[in-house]
Structures are given as C-alpha cells and as structure tokens.
Amino acid sequence: MIPAAISPSLMCADIFRLREIIETMEATGIEYLHIDVMDGVFVPNFCLGSDYCRRLKAKTSIPLDLHLMVTAPEKKLGVFPFGPGDFVSVHYESTPAVADALAQIRQAGAGPLLAINPDTPVDAVLPFLDAIDGVLLMTVFPGFAGQSMVPGSLERITALRRLLDENGKSALRIEVDGNVNYEKAPLMRQAGADLFVVGTSSILGPGNLTENIAKMRRVLAEGGSV
Ligand code: DX5
Ligand code: ZN
C-alpha cells in the first residue's frame, strides 16, 4: 500500500498568515502543497496563479502539487515553475490534447496526474495509464472550497484502485480532492486513495494547524490499518 501523504490546499490558507502556515507545514513534514489554478472558463472561478507558484517555490522546499483547472492546459503549462519532485494535474475534461499536456509535464521531470471530475467514468483514464504517475479523483466538482463530497465518491475510489491493480498499475497514486475531512479521509484511504488534498474541511479549518495536521495523520493511519 502506497504510504498516505498530505497536500494542503493553499487556496484555503489565510493569506495574512501564509509564511507562518508554510513554516508549520515544513516543520510537520507535509509532503506537497496543493495549488489550485483556475481560469474562470473550465471552472466558474479564479484562484492562484503562476506568479504565486514562482514566489512560493522560491521560499519553500516542499514540492508543489499543481491542480490546473484550465482549458487547453497544453498551451499554458509553460508559465508555471515545476520540475522533478512536483506533481502537475490536468483535467481529462479540459482538452482533447490530454496526452500532449501529460507529455510536457513528464518532459519537465515532474509527475503527471490525470484529473477526473465526479461525472467522468473512472475508465476514462485507461488510455493514459503509461503516461501518468497517478489520478486526481475529484470528490467535489472543482472550483470552490467548502463543498460537500459528491455521493458515490468512495465507490469511485474503490473502482479506480481496482482498475489500476487489474492493469498492473498498482504503483500509480490516487489523489482525492474535495471535502476531505477527518471522518471521510480514513474511508477514502480504505477505498484506495493515498494522496489527500486537505482544506477547509480539515487542517485549514478551525483549530491549531499543528494539532489539525497530527489529527489528520492519526485518522489516516487508523484508516489504513483496516
Ligand atoms: C476544490 C479545491 C480543493 C478543495 C478545498 O476545487 O480544489 O482545494 O475543495 O478543500 P475543502 O473541500 O476541504 O474546502
Ligand atoms: Zn484542487
């Protein structure tokens, strides 16, 4: 089983405390920083941009986990700073040139992830299994924090993990994004997820960040033991 890793969604972080938040994440061994990028077309919202990513990358050694919720990502990847150790996800629904976008990410030495929305069948990833390091399975419709998990998401995680195993791709990651709270995270873990985007529903919600991170680590460890 792939060890569980945490990727805090920085769109949910208090911008007036960002330095302190990043320092806490460095001190607690957070594995990735999830950066939601939106173009207002693929999703009806705007969010973090390329300059934010560049400044962040210059200040922290925590790898980036870029989530591109943009149309034609193959034409926009060039403005982002990513390389070895980083993940970059592009949406299956966002372009007919998915393979091109994934190849560009691989070419830069980063890990390509294929993101699928809650209404996209999990077998849509089949043609891309050799081109990716994992799948970003959206458990909410992308674009906004603070949503509730789409019903049926746990079953989709289970189905996706089974599909990867059956195709000899058990090493591929399953990242889950949306309403990952302390109750749902262990269930998602048991269903086969290993990379958890955590935002307002858990560690970047109410409470002390260090304590929240420890609580998420604990519930994920308990969930994984089943
Ligand atoms: C949704 C975003 C996520 C996430 C935020 O488009 O990609 O970052 O939903 O976390 P929650 O759902 O906990 O507010
Ligand atoms: Zn995201």
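Just follow the structure's listing: the first ligand is 1, and inside any ligand the first atom is 1. The figures here come from the full heavy-atom set of this structure, side chains too, leaving out hydrogens, waters and symmetry mates.
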Checking E26 against T60: is there a side-chain donor and acceptor pair closer than 3.5 Å?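 Note: T60 and E26 side chains meet the donor-acceptor criterion.
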Any idea which protein heavy atom is nearest [atom], and the distance to it?
atom                    : answer
atom 4 (C) of ligand 1  : D177 OD1, 3.3 Å
atom 13 (O) of ligand 1 : S201 OG, 2.7 Å
atom 6 (O) of ligand 1  : G143 N, 2.9 Å
atom 10 (O) of ligand 1 : G199 CA, 3.6 Å
atom 8 (O) of ligand 1  : S9 OG, 2.6 Å
atom 9 (O) of ligand 1  : G178 CA, 3.6 Å
atom 14 (O) of ligand 1 : T200 OG1, 2.5 Å
atom 12 (O) of ligand 1 : N179 N, 2.8 Å

Any side-chain heavy-atom pair from M188 and T139 closer than 4.5 angstrom?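 When only atoms from C-beta onward are counted, T139 and M188 do touch, with a gap below 4.5 Å.
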With a heavy-atom distance limit of 4.0 Å, tell me whether S202 approaches ligand 1 through its side chain, its backbone, both, or neither.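 It is neither; nothing of S202 touches ligand 1.
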To the nearest 10 degrees, could you say what angle the Zn ion (ligand 2) makes with NE2 of H34 and OD2 of D177?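 Approximately 100° at the metal, rounded to tens of degrees.
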Taking atom CZ of R55 as the centre, report whether more than 12 heavy atoms of other residues, nucleotides or ligands fall under 6.0 Å from it.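 No - once you tally the heavy atoms of other residues, nucleotides and ligands closer than 6.0 Å, there are 12 at most.
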Count the heavy atoms belonging to other residues, nucleotides or ligands that lie under 6.0 Å from CZ of F82, then report whether that count exceeds 12.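 Correct, the count exceeds 12.
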Distance check, rounded to the nearest 0.5 Å: E93 atom CD versus M138 atom CE?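 Those atoms lie 9.5 Å apart.
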With under 30° as parallel and over 60° as perpendicular, where do the rings of F42 and H91 fit, or are they tilted in between?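 Answer is tilted, since the angle falls between 30° and 60°.
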P142 neighbourhood, listing ligand 1 atoms whose heavy-atom distance to it stays under 4.0 Å: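 Atoms satisfying the 4.0 Å criterion: 6 (O).
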Among the N, O or S atoms of D36, which one sits nearest to the Zn ion (ligand 2)?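 Distance check against the Zn ion (ligand 2) picks out OD1 in D36.
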If we only count N/O pairs under 3.5 Å, is G146 in contact with ligand 1?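 Between G146 and ligand 1 (N or O atoms, distance only) the closest approach is under 3.5 Å.
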Please indicate whether any nitrogen or oxygen in M11 is less than 3.5 Å from any nitrogen or oxygen in ligand 1.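 No.
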